[in-house]
Amino acid sequence: MKSILITASVLGAAAAGVVLYMRNRDRVDSAIGEVKDNARNAFRKMNKHYRKVEKNAQHSMQHAMS
């Protein structure tokens, strides 16, 4: 009887852990999606500014050579 009670407690705790994991998985997936979107936006913004700096540097170099 004692071993049945212990087994039932362990199985109940495992089931509760699975339920909590499944319930929070959507939040984790959405948070990962937000991080990916923010990283993609930061990369685009960085590239935009890099191209501007590179264009200005090329323009300055052409005037310096003239």
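This one's a predicted model, so the numbers in the text were calculated from it and none came from an experiment.
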Show the atom names and distances, to 0.1 Å, of all donor-acceptor pairs under 3.5 Å that link a side chain in residues 30-41 to residues at least two apart or in another chain.
residue : atom : partner : partner atom : Å
S30     : OG   : D26     : O            : 3.3
S30     : OG   : R27     : O            : 2.9
D37     : OD1  : R40     : NH1          : 3.1
N38     : ND2  : E34     : O            : 3.3
N41     : ND2  : D37     : O            : 3.4

Run R51 and K55 through side-chain contact (heavy atoms from CB on, under 4.5 Å) and show every step you take. CA-CA 6 Å; R51 285 191 303 266; K55 181 180 172 184; over 6 Å; no

Flag the pair H49 / K45 as yes when at least one side-chain heavy-atom distance between them is below 4.5 Å, and no otherwise. yes

